Amino acid sequence: MARRSRILSRTFLAAVIASFSVASNAGDAPGLPAPHKEVKDAFPAQKHFSPYAGRNFPTQVFWGDTHLHTGMSMDAGAFGARLDPEDAYRFARGEELTSSTGLKVRLSRPLDFLVVADHSDNMGFFPRLYDGDPQLLADPTGRRWYDMIQEGGQKAVQVAVEIIVAFSQDKFPEALDSRPGDRAFRSAWEVAIKAADKYNDPGNFTAFIGYEWTSNTKGNNLHRVVIHRDDGNKASMVLPYTTLRPEGSDNPRDLWRWMNTYEEKTGGQVLAIAHNGNLSNGIMFPIVDSFTGKPLDRDYAETRMRWEPLYEVTQIKGDGEAHPFLSPNDEFADYETWDQGNLDLSVVKKNDMLQYEYARTALQTGLQLKRKTGTNPYKFGMIGATDSHTALATAQEDNFFGKHSGAEPGPKRWEHPMAQVGDKKYEGWAMVGSGLAGVWARENTREAIFDAMMRKETYATTGSRMLIRFFGGWDFNKNDTLSRLPADIGYAKGVPMGADLPKMPKGKKAPSFLVAALKDPLSGNLDRIQIVKGWVDGSGKRQEKIYEVVWGDADKRKLNSKGKLPPVGNTVNVRTATWTNTIGDPELIGVWTDPDFNPKHEAVYYARVLEIPTPRWTAYEARRFNVKMDKEVPMITQERAYTSPIWYTP
């Protein structure tokens, strides 16, 4: 194990951050190294005296939100969102806006890209309802919903919940449906396309065209965000897919068929990103198809892997990396856990559902399924997103505007349910200030970012903008941690996050990994970097283990006999919602070689990076509004990041 950490001055740290983003050769010999043969076609070798010329690999991480709703979504509008797609893109680019509840709001730093992903189901419905369309008001339910929305406040929130439940339980009034082919549906899609094309600014800001396909039968969440690589010329040729039959379907297989048809008809490209497996009640990462009752086959595995390269692992409705029931030896597994039931809380969660809901276990299940079908359906990379329904992509704890416009900042939002169905509810204080997607790409364009997503060179954070590099290979050693430019060595000697390890060379006994992280200048120091390994043993059982690779305050903290590391400490002052960076380190870099490697067993590895404890959004809210919250309300968080995995195949 190689470990190195260093406390840096603020000025030097800024320079180091730049060097992580501009990753190129800083060695004595001039010129860039040739990329590893596994990625040579993607990044052709170029040699120059200047190490910053002719760079042949992704040198910047671009930050974005791939999952944002505006007032165009049927539920967001009912919740009170009055901002539209243009507002969402303006805000993401760094402009100051007034929120739907009248609050001034601005990001601490602009985002690099955004996907406005309004629901395709009933697209165009809410603007018609809000405007009092006579056709909708002629229906008794439409009339009642309209009156409650005009009343506003919690009455409007109640309408949103009723819409979600009616849609989930297949009881949405047919007279209120907005379907593909309807004028309102097509008009709403045109609004989304025009806004994205208007604010897309190659090189400066990327506005993706997208939508959310909302499979939610019986309240079981199988939602996917669909993202276009294309501009409006192609995206307008085919209307979004919905779950409403007969035009649509709630089965992901049918969505994938639609995606294939789209690409064949337009020559364009699309991908899909699933989210909130924690609200699926055991059907997000199945081994038996919930629609057919049959075991998954090779066709399912190949098709899912083709269209779904990424998984949204963290967002406002809970963190989906791991669950303490599945990972009892992981002291960090119980992070912002949402495990009450399915999305509309119509069915309570059972423990036997959990293994089919969380990303870590799904990665291991994918290895098991590969043994049976020949293909791994769960070979996905990681990203985070907000799933905010406010048109405001706010994932920073001190600037968190909530899940929907009925839960924007205020002295009582912590005690008001985010949503309530009968006597069951999601607590307002349980909303999670998460997350963001970090994408390593060569430029800020639709094409470059989309392509990086397809190759899974991405990572998820819970809102922090820490910079992370993760490489796997067979030749990394402790001397590689001395470089100020880890990507230079990483691409030359190995493969990046999201890739497969090359075949094991003769004479090598185990893979090695180079991992490096730099703190977000506006957030906490780094606590530690861990590597999470999953594999399938000789008997076909799932296994996992977490390894401490490198950590802050290494002169004070040592591993115990069980390989556990003492906590980093806690400097948070909850009353003032402040902390000090007197613990942890601003940067960490290390090389780790798998000590338990068995070349016969397929394995998957990803890095988890933890910050020191910092104030949660609830602490900021308590201070700003001078309110005292109940003891059960968490006031401290430990922001984190999850890299896309690297896979080993014998």
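Because the structure is a prediction, the values reported are computed rather than measured. Side chains are part of it too, since the values below use all heavy atoms of this structure and drop only hydrogens, waters and symmetry mates.
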Q.
Keeping R640 on the side-chain end and Q638 on the backbone end, is there a donor-acceptor pair under 3.5 Å?
A.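 Yes, the answer is positive, given that a donor and an acceptor are paired below the 3.5 Å cut-off.
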
Q | Residues in side-chain contact (heavy atoms from CB on, under 4.5 Å) contact with A192, at least two apart in sequence or another chain | A |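 For A192 the side-chain contact (heavy atoms from CB on, under 4.5 Å) partners, ignoring immediate neighbours, are W189.
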
**Q.** Residue that, paired with Y642, satisfies side chain to side chain contact (heavy atoms under 4.5 Å, CB included) out of V532, T461, D319
**A.**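 So the option named by the test is D319.
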
Q) Only one of V191, D118, L83, L392 forms a side chain to side chain contact (heavy atoms under 4.5 Å, CB included) with T70, so which one is it? A)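 The single option meeting the side chain to side chain contact (heavy atoms under 4.5 Å, CB included) with T70 is D118.
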
[Y]/[X] salt bridge by N-O under 4.0 Å criterion:
X	Y	result
D139	R143	no
E397	R616	no
D330	K545	no
D387	K403	yes
E95	R106	no

Q. Centre of Y241's six-membered ring, under 6.0 Å away, within 45 degrees of the axis: is that where NZ or CZ of R224 sits?
A.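 Geometry flag: not set, cation outside 6.0 Å or 45°.
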
Q) Does the gap between the ring centers of F172 and F125 come in under 6.0 Å? A)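 Centroid separation for F172 and F125: below 6.0 Å.
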
Q: Apply side chain to side chain contact (heavy atoms under 4.5 Å, CB included) to T618 and Y620, showing your working.
A: CA-CA 5 Å; T618 42; Y620 289 107; over 6 Å; no

Q: For the pair F400 and W617, name the ring-plane relationship: parallel under 30°, tilted 30 to 60°, perpendicular over 60°.
A: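 Ring orientation, 0 to 90° scale: tilted.
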
Q.
Using the rule given for ring pair (Phe, Tyr, Trp, His ring centres under 6.0 Å), can you reason through Y311 versus F285, listing the C-alpha separation, both sets of side-chain angles and the distance that settles it, and then say yes or no?
A. CA-CA 11 Å; Y311 180 64; F285 301 110; 5.0 Å; yes

Q. Got a sec: does the CG of D177 have more than 12 other heavy atoms crowding it under 6.0 Å?
A.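 Buried by this count: over 12 neighbours within 6.0 Å.
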
Q. Should we count CG of N626 as having more than 12 external heavy atoms under 6.0 Å?
A.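 No.
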
Q. Out of curiosity, L343 CG to N216 CG, how far, rounded to the nearest 0.5 Å?
A.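 Between L343 CG and N216 CG, I get 4.5 Å after rounding to 0.5 Å.
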
Q. Which of these, T576, N581, T582, sits in a side-chain hydrogen bond (donor to acceptor under 3.5 Å, both in side chains) with W579?
A.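 Of T576, N581, T582, side-chain hydrogen bond (donor to acceptor under 3.5 Å, both in side chains) with W579 is met by N581 alone.
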
Q: Please test K317 against N276 for side chain to side chain donor-acceptor pair (under 3.5 Å), starting from the C-alpha separation and ending with a verdict.
A: CA-CA 7 Å; K317 300 197 303 295; N276 280 125; 2.9 Å; yes

Q | ring-ring contact (aromatic ring centres under 6.0 Å, His included) contacts in which one or both residues fall within residues 93-121, not counting sequence neighbours | A |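 Every ring-ring contact (aromatic ring centres under 6.0 Å, His included) pair that includes a residue of residues 93-121, provided the two are not neighbours, is H69-H119, H119-H389.
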
Q | Any residue meeting side-chain hydrogen bond (donor to acceptor under 3.5 Å, both in side chains) with K424, in chain and number order, not counting sequence neighbours | A |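 With sequence neighbours excluded, K424 shows a side-chain hydrogen bond (donor to acceptor under 3.5 Å, both in side chains) to no residue whatsoever.
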
